[in-house]
Structure formats: C-alpha cells, structure tokens
Amino acid sequence: MTANLLDYDLEGLAAFCEQLGEKRFRATQLFRWIHQKGATQFDQMTDLAKSLRQKLPQVAHLEIPRVVSRQESADGTIKWLFDVGGGDVIETVFIPEADRGTLCISSQVGCAVGCRFCSTGHQGFSRNLSTGEIVAQLWFAEHFLRQHLGRSERVISNVVMMGMGEPLQNYAHLLPALKVMLDDHAYGLSRRRVTVSTSGVVPMIDRLGRDCPVALAVSLHAPDDALRNDLVPLNKKYPIADLLSACSRYQKFAPRDFITFEYCMLDGINDSVQHANALVSLMHAQSADGLSCKLNLIPFNPFPASGLVRSPMAQVLTFAKILSDAGIVTTIRKTRGDDIDAACGQLAGDVKDRTGASSRMAAQRQGMLGGIKVVVANKVSI
Ligand code: SF4
C-alpha cells in the first residue's frame, strides 16, 4: 500500500522524503504542488527531479474522497457530501460572505458526544477521520472553488472545525491537519482564522493550547451543570467549572483576545430570562478570573428526532439584550444554507442508511430535490 500524501504535515512529508533518500527541501516543493497548486499528477510537478517524479507513483498517492453530491443554497452556501468508504459519508460546507470565505470541516463520521440538539449526535459514532480525510475537504473545496469562481488567488480565508464530530476526540489526526492549514507552504491561514469548536474535552483543550493554539469556540448551551448534563452529556465528565478553568488557561495562548461560547437557543429549555441572568453571573465570574468571553447565540435548526423547537426570535433578542446590557459581547448567528440542510447541527442528518440507499440520498444523486442544484461529481484520484 502506498502512502497518502494528504496524511502528512510538512514535517511528516520531510521525513517521508528522507526515507526515499531525498533532501528535505523536496518535501516543501511537493507540499506546495499539492496544496497551493492543487496538482493531482506527479508529472505536473515540473521542478521535482525527474527521477523523483518517476519514483513517487510507486510509493505515494493523493486520496481525495469521492464527492457524492454538491448542493448550492440560494444564499451561496455550498454543501458537499463525501464518500469516505464503508458506507460512511461526511459533509463539508462553504459559507461565502462579503469579506471572507469560511469552510466548515468534519473531523469524525458521526459523533460520540450525543448532544440533544445536534443531528450528527443523534446518528451515533462511526469512526475518526484520518488526517488526509480532514485535509482533503479543504484541498477539494479550495481548488474546486478557484475553478468554479474563476479565481487564481485563495478563496477560503477561514476554517471552522464545526462540521460532523468532536475534533478534540480525534486529536492525533486533527493536529497535523491544523498544521497543514496554517503552513505558509500550504494554505497559510492565520491562527485567528482557524477555529476549533469543542463541546469541552478539557485535557485536550490544554494540549491544543500547547501544541497549536488556534481560535477556540466552546459549545456551552447552558448556564448550569444540571441543564448542561442533559444537553451536552460530556458535561458529566467535564463540568462547567473545569471547562471554564481550561478556557482561562487556553486564553494565555489563544490568538484572539476572547474565547467564543456557542449557545443554541432552545424554546422553553435554555432561553428564559432566568437562564440569561445565570449566564451573565457565570461569565462575570470568569472575567474576574481573567477570561474574556464572547457569546454567540445560535438559532436552533430543528430536526424531527430531537423533539426540540427553535426559540422565537423575540426571545433570542431579549436574551441577547440581557447579555449585552451586562457588558458581554453577544452576537446572533445568521443561519445559512437552511434550504440544503447545511445549517449548524444539521449535517448528514439524513444519511443513516450505510448502504447509501436512503431515499434522501437517492434523491440527491438523481438531482431531484426541488429548487436545489445538485451535481454528482466524479472521483478525483491520481
Ligand atoms: S454538537 Fe458537536 S459535539 Fe455535540 S453531538 Fe454534535 S457534533 Fe458532537
């Protein structure tokens, strides 16, 4: 079996080149061809020695998961469904805005955390993605979008690890993937523009702070342990006090001067005035400990199995006003890609049939979804 070069950060690729008896600088050349230029054939890599170009196909390949479908929302959001083998699929979402292009990347197939309000969590857990499968989502989206939009410069300016899965429960594969995203010879994204979102895996927050401190978003969703235990079961292992202490430690390394806390607004569950006041007290206690917080309120995206309902906008606004009147920077997330189920917490919610034969998938393959452009693409391989 040959090596998938998307599994390597630059250090790993240098070690691979050394094993082949090649100088380390060859790794930089190879890395640039793959990630910056999107080359898919070794014989395109004209500044590599001919002998290396001939050797590489025998020992290495680039593995890009097959695209099952591409859906484009009326608001410009694009969602890809990738086949990662064994009946597993993952989703990747591109969200264009006036001043940035954000790619939302998956880190696992399904998720073991099982948050009540999350469609992915309701699917259960299948497996971790490899580094190559995480990086391939960025590789594919960046080079597809350049072609699609007719641009030669970088399209994706921000990455959020907020797709399917809990990234910090796949740390060994996440870390090299983050290093590829940040590397100037690959995508050159700034640490401020790469965000890892976690439901609160406390020991791994500390490790990320030491190894690769990118921007951090924490799924909070409740101001007290009793409610959070119910909404985010991982809270039973790492309760709010431990989680916020880890955030305070992280802030010393963080590239931004605040940590974002996500709060999904659930009607009648966590959205009352009392909850808002409790959240203010919690956040104020943390600022006394030196933690700067930003609150991001997320309108819930309903799915039938959850039994939960989105808070009315008036309630979200009341909640937000209580927080901002108390001096807490608060934003309300715009929902994007609603019409293609690409909004937060909706990813791959309809793809449970591991034979790939669910009616929804079949409809996608046949381009039958009303009003949604569906494209079935071919496998990219070399
Ligand atoms: S919200 Fe995140 S951590 Fe929770 S179940 Fe969904 S994917 Fe997993």
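One-based numbering, in listed order, for ligands and for the atoms of each. Residue numbers start at 1 and run along the sequence shown.
- No close placement of the F94 and F144 rings is indicated, their centers lying 6.0 Å or farther apart.
- Qualifying ring-ring contact (aromatic ring centres under 6.0 Å, His included) partners for F319, counting only residues two or more places apart in sequence or in other chains: Y263.
- Partner of F117 under the side-chain contact (heavy atoms from CB on, under 4.5 Å) criterion, out of V232, I269, N301: V232 alone.
- Evaluation of the salt bridge (charged side-chain N to carboxylate O under 4.0 Å, His left out) rule for D83 yields R66 as partners, not counting sequence neighbours.
- Applying side-chain contact (heavy atoms from CB on, under 4.5 Å) to M283 and the options T330, L220, L323 leaves one that passes, L220.
- Of all protein N/O/S atoms, those under 2.8 Å from atom 8 (Fe) of ligand 1 are C111 SG, and waters are not counted.
- Listed by chain and number, the residues in a salt bridge (charged side-chain N to carboxylate O under 4.0 Å, His left out) with R127 are D88, E133 (sequence neighbours excluded).
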